[in-house]
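Heads up: the structure comes next, in structure tokens.
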Amino acid sequence: MNIVVLISGRGSNLQSIIDKKEEGELDITIDAVISSVPDVLGLQRAKKAGISTHVIHHEKFTGREAFDQSLQDCIDQYHPQLVVLAGFMRVLSPAFVAHYQGRLINIHPALLPKFPGLNTHRRAIEAGEKEHGVSVHFVTAEVDGGPVIAQAKVEIKADDTTDTLATRVLEQEHILYPRVLRWFCENRITLKKKEVYFDNTRLGIEGMVIN
Ligand code: NHR
Ligand code: GAR
């Protein structure tokens, strides 16, 4: 399976995918890594793994449409089967999302539909949640509102800070995203009428819960 990965920063999720591929546990080709921000660590990680990189710097565009069009043109030269958002920080326009319907996924650090958007760890602690975690979902026009494919859960401890919680969630992210990609490779995941199917069984709103 050919994928293109979109990033905006550190790229630790990208690294987890590269590592599983290099361990021979993930039968994918990463055609390219595209960053919306220049000079980020994720670009170095990609180059180190011999992957083509592009920077499409969002600040250089006057509107979201122009940025999204440039991103789409860059992606489409590779004809990927799946486009993978991994710490990608720009909201994508409805036209962009429609173009990749069923083949655009994101990893979001919360148990969706709880805590869409930013600063999820702080918000989960402040809300007094007992558990938190990470979701992989299909991207739709509604930000972090697309159908969930899978989740991993993390207990929130009384002494957790945003940082300690983020660290434990990130550990789960690095397990969950490669696993979901593997399911895609095995053709086990499909999107039909806004619902996710795993081996032809329709999943609930949590998707597959791996822990
Ligand atoms: N685009 C669409 N249409 N739908 C989704 O579900 C998307 C998306 C783009 C990105 C990732 C998401 C996350 O996992 C994602 C999902 C950035 C923002 C945001 O508000 C929100 C959600 C996500 C990513 N970004 C600000 C913006 O104005 C910029 C913030 C910044 O640059 O630091 O685009 O959390
Ligand atoms: C991850 O925690 C990811 O879930 C989150 O940002 C981090 C990126 O880390 N994504 C978002 O918040 C998307 N808006 P990484 O660059 O090291 O993979």
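All ligand and atom numbering here is 1-based and tracks the order in the structure. FYI, the numbering just counts along the sequence from 1. Only heavy atoms go into these numbers, but all of them, side chains included; no hydrogens, no water, no symmetry mates.
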Please determine if [X] has a nitrogen or oxygen closer than 3.5 Å to a nitrogen or oxygen of ligand 1.
X    : result
T140 : yes
V139 : no
G145 : no

Exercise. Considering only the protein, which heavy-atom contact is closest to atom 12 (C) of ligand 1, and what is its distance?
Worked result: D144 OD1, 3.3 Å
For [X], atoms of ligand 1 separated by under 4.0 Å from a heavy atom:
X    : answer
I107 : 14 (O)
N106 : 11 (C), 12 (C), 13 (C), 14 (O), 15 (C), 16 (C)
V97  : 3 (N)
V143 : 4 (N), 5 (C), 6 (O), 21 (C), 22 (C)
F88  : 10 (C), 11 (C), 24 (C)

For this session: Heavy-atom distances under 4.0 Å are what count here, so tell me which part of A141 touches ligand 1: side chain, backbone, both or neither.
Result: backbone
Problem set entry | Polar contact flag for G11 and ligand 2 (N/O pairs, less than 3.5 Å) | yes
Exercise. Looking only at N/O atoms, are R10 and ligand 2 under 3.5 Å apart anywhere?
Worked result: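 Right, the criterion is met.
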Exercise. Does a side chain donor of either E65 or S93 reach within less than 3.5 Å of an acceptor in the other side chain?
Worked result: no
Exercise. How about T29 and N2: does a side-chain donor come under 3.5 Å of a side-chain acceptor?
Worked result: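 The answer is no; no qualifying pair exists.
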Candidate with minimal heavy-atom separation from [atom], of [options]:
atom                    : options               : answer
atom 6 (O) of ligand 2  : S135, G87, S16, S35   : G87
atom 12 (O) of ligand 2 : P109, G9, S12, G42    : P109
atom 10 (C) of ligand 1 : H108, E142, R90       : R90
atom 18 (C) of ligand 1 : L118, T120, I105      : L118
atom 14 (N) of ligand 2 : Q172, H174, E173, M89 : M89
atom 28 (O) of ligand 1 : M89, E59, R64         : R64

For this session: Return the set of residues passing salt bridge (Lys or Arg N to Asp or Glu O under 4.0 Å) with R64 (not counting sequence neighbours), or none when no residue passes.
Result: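 R64 satisfies salt bridge (Lys or Arg N to Asp or Glu O under 4.0 Å) with no other residue.
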For this session: Measure the acute angle between the ring planes of F67 and F88, then classify it against the limits of 30° and 60° as parallel, tilted or perpendicular.
Result: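 Rings of F67 and F88: parallel, as their planes differ by under 30°.
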Exercise. Charged N to carboxylate O below 4.0 Å: is that the case for E195 and K193?
Worked result: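 No, no charged N to carboxylate O under 4.0 Å.
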Exercise. Among L181, L6, I28, whose side-chain contact (heavy atoms from CB on, under 4.5 Å) with V84 holds?
Worked result: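 The option that passes is L181.
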For this session: For atom CG of N211, decide whether the heavy atoms of other residues, nucleotides or ligands shown that lie under 6.0 angstrom number more than 12.
Result: yes
